[in-house]
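Remember, it's a predicted structure, so these values are computed and weren't measured experimentally.
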Amino acid sequence: MFAPLALAACKRGPDVLKFSGATMGTAYNVVALDPSRSAAQADVHAGIKSVLAVVNRQMSNWDASSEVSRLNAIASTSPIQVSSDLAHVLKTSADIHAATDGQFDVALGPLIEAWGFGAKGATVQNPTDARIESALASAGRAAPLVVQDGALVKSAAESQVYLSGIGKGHGVDRVASVLQSYGITDYLVEIGGDLATSGRNADGQPWQIGIETPDVANRNVQQIVGVSGLAVATSGDYRNYFEKDGQRYTHILDATTGRPITHTTASATVLADNAMHADAWSTAMLTLGRDRGLEVAEAHDVAVLFIDRAADGSGFVTTASPAYTRLSA
């Protein structure tokens, strides 16, 4: 979703450390400045890979042995003890769920699987109304997830947790913590388009982030924003979808109807203090759509940029919340 601008280091400037690899079914990229030249590059990279391995073991729905997969295998309404990291992510999810008319919902697992966007892969036909209603019965609106005393309580025993709308952001924040532990304060961390920044780039300027135009056919930049000390995440409906009988079905699901969203908002970009919040709020804002999303954003001071398809098919229209206008100025 983003295009961080390339860095160039002066001969006498700080060491520019660059790391990349695979994680969470996508890729990570890190650029960090070490002005004291004291951080051993191999040690920093080992720390990054170690913490990402931990996040995967906790949060991956694509790993049958992960903590969240084991949690999903427990069909019970009794308290289930979870790690402090998973409890933190689930508590944040519950808070944003409450603030967004229930549209941010990590308990949509059966519904995600029904539409073919989950760990089991694509389905050959759209789910029946009966299957959608059954899946909604164990989702967050009908059966809330409650986190208390380090444990998760499912209101419905069959509830399934999916963290694809918040897990990458959590991973970005964990990597940023590794960099900070080495005394690095100027960095950009990106995982699958979700990113966090701190300080300045090698030119002494805020990190420049390109927000992608939500166009299936082309990868152009709609807007460039300078950010420092902020996290950025974009959710879009234009990469992960399928078409059937001439109709397009996106992976972004309406938690009320149990079906893919149909409004004109194509992407939502959120600026936040940390990547976990940016990730979750961008998913929520896209699900809500521009009109309701702006109301929720203003009520909770969320910095969001909506990009909508123009009604006449001529292109795209951008709309920013007051907080986004303030932070991106």
query = Is the side chain of E190 donor-acceptor paired with the backbone N or O of G192 at a distance under 3.5 Å, no angle test?
reply = yes

ask   = Which atom pair, heavy atoms only, marks the closest approach of P206 to S228?
value = CB-CB, 4.4 Å

remark   = Closest heavy-atom pair, S60 versus S69, reported as atoms and distance to 0.1 Å, is O-OG, 3.4 Å

task = First locate atom OG1 of T92, then atom NE2 of H97, and finally report the distance between them rounded to the nearest 0.5 Å.
result = 14.0 Å

remark   = Separation between NE2 (H251) and CD1 (I261), nearest 0.5 Å, reads 8.5 Å

task = Might you work through the side chain to side chain donor-acceptor pair (under 3.5 Å) test for D63 and S65, ending with a clear yes or no?
result = CA-CA 5 Å; D63 180 352; S65 65; 2.8 Å; yes

request  = Apply side-chain contact (heavy atoms from CB on, under 4.5 Å) to the pair V225 and I211, showing each step before the final yes or no.
outcome  = CA-CA 8 Å; V225 58; I211 299 173; 4.2 Å; yes

message = Test side-chain contact (heavy atoms from CB on, under 4.5 Å) on S138 and E158; report intermediate values, then the result.
response = CA-CA 6 Å; S138 62; E158 62 273 20; 3.7 Å; yes

message = Any side-chain to backbone donor/acceptor pair from T23 onto A27? Under 3.5 Å, distance only.
response = no

task = Determine, stepwise, if the pair H88 / D85 fulfils side chain to side chain donor-acceptor pair (under 3.5 Å).
result = CA-CA 5 Å; H88 177 52; D85 290 333; over 6 Å; no

remark   = Value for CG (D237) from OG (S267), rounded to nearest 0.5 Å, stands at 8.0 Å

ask   = Is any side-chain heavy atom of L71 closer than 4.5 Å to a side-chain heavy atom of Q160?
value = no

query = How far apart are the C-alpha atoms of Q223 and L305, what are their side-chain angles, what is the distance that settles it, and do they pass the side-chain contact (heavy atoms from CB on, under 4.5 Å) test?
reply = CA-CA 10 Å; Q223 185 179 115; L305 176 73; 3.9 Å; yes

ask   = Looking only at heavy atoms, which two atoms of S235 and D279 are closest? And how far apart?
value = OG-O, 4.4 Å

ask   = Would you say the side chain of T265 lies within less than 4.5 Å of the side chain of M285, judging by non-hydrogen atoms?
value = no

inquiry  = Quick check: do L288 and T100 have side-chain heavy atoms less than 4.5 Å from each other?
reply    = yes

request  = For the pair S20 (side chain) and N29 (backbone), establish whether a donor and an acceptor sit closer than 3.5 Å, ignoring hydrogens and angles.
outcome  = no

query = Is there a side-chain contact between V232 and T269 (heavy atoms, below 4.5 Å)?
reply = yes

message = Restricting to side chain to side chain contact (heavy atoms under 4.5 Å, CB included), what partner residues turn up for D186, sequence neighbours left out?
response = L33, R200

Short side-chain to backbone donor-acceptor contact, R131 and L111, under 3.5 Å = no

request  = State plainly whether one hydrophobic cluster holds both V153 and V89, where clusters connect Ile, Leu, Val, Met, Phe, Trp and Tyr through side-chain heavy atoms under 4.5 angstrom apart.
outcome  = no

inquiry  = Are I307 and V317 connected into the same hydrophobic cluster when the rule is that any two of I, L, V, M, F, W, Y join if their side-chain heavy atoms are below 4.5 Å apart?
reply    = no

message = Donor-acceptor pair, distance only, cut-off 3.5 Å: does the side chain of T197 make one with the backbone of L230?
response = yes

key: Non-hydrogen side-chain atoms of N220 and E212 separated by less than 4.5 Å   = no

query = Do T257 side-chain atoms and R259 backbone N/O form a donor-acceptor pair below 3.5 Å?
reply = yes

Contact summary for S314 and A310, nearest pair of heavy atoms = OG-CB, 3.7 Å

message = Measuring only between side-chain heavy atoms, which start at C-beta, is R141 closer than 4.5 Å to L136?
response = no

ask   = Do other residues, nucleotides or ligands put more than 12 heavy atoms under 6.0 Å from the CG atom of D273?
value = no

query = Is the backbone N or O of A107 less than 3.5 Å from a side-chain atom of S159, with the two atoms forming a donor-acceptor pair by type?
reply = no

ask   = Can you get from V106 to V146 by hopping between Ile, Leu, Val, Met, Phe, Trp and Tyr side chains that sit under 4.5 Å apart?
value = no

inquiry  = To the nearest 0.5 Å, what is the distance between CG on D34 and CG on L179?
reply    = 10.5 Å

request  = Indicate yes or no for a side-chain donor-acceptor contact from T287 to the backbone of D254 under 3.5 Å, with no hydrogens or angles considered.
outcome  = no

ask   = Between A266 and R309, what is the shortest heavy-atom contact and its length?
value = CB-NH1, 3.5 Å

ask   = Can you tell me how far the CE atom of M24 sits from the CG atom of N56, to the nearest 0.5 Å?
value = 5.5 Å

query = Step by step, would you call F316 with D308 a side-chain contact (heavy atoms from CB on, under 4.5 Å)?
reply = CA-CA 5 Å; F316 298 94; D308 281 64; over 6 Å; no

task = Output the distance between atom CG (D95) and atom CG (L90), rounded to the nearest 0.5 Å.
result = 11.0 Å

request  = Would you indicate whether the side-chain heavy atoms of T213 and V221 approach each other to under 4.5 Å?
outcome  = no

message = Would the distance check show the side chain of H263 and the main-chain N or O of L286 forming a donor-acceptor pair, the cut-off being under 3.5 Å?
response = yes

request  = Mind listing the closest non-hydrogen atom pair of W115 and G258 along with its distance?
outcome  = NE1-O, 2.8 Å

Contact check, side chains of Y324 and L271, non-hydrogen atoms, under 4.5 Å = yes

inquiry  = Under a 4.0 Å threshold between the charged nitrogen and the carboxylate oxygen, would D173 count as salt-bridged to K168?
reply    = no

inquiry  = Any side-chain to backbone donor/acceptor pair from Q58 onto E67? Under 3.5 Å, distance only.
reply    = no

Identify all side-chain donor-acceptor contacts of residues 40-54 below 3.5 Å with residues at least two apart in sequence or on another chain.
unit_1	atom_1	unit_2	atom_2	d
H45	NE2	Y28	OH	2.8

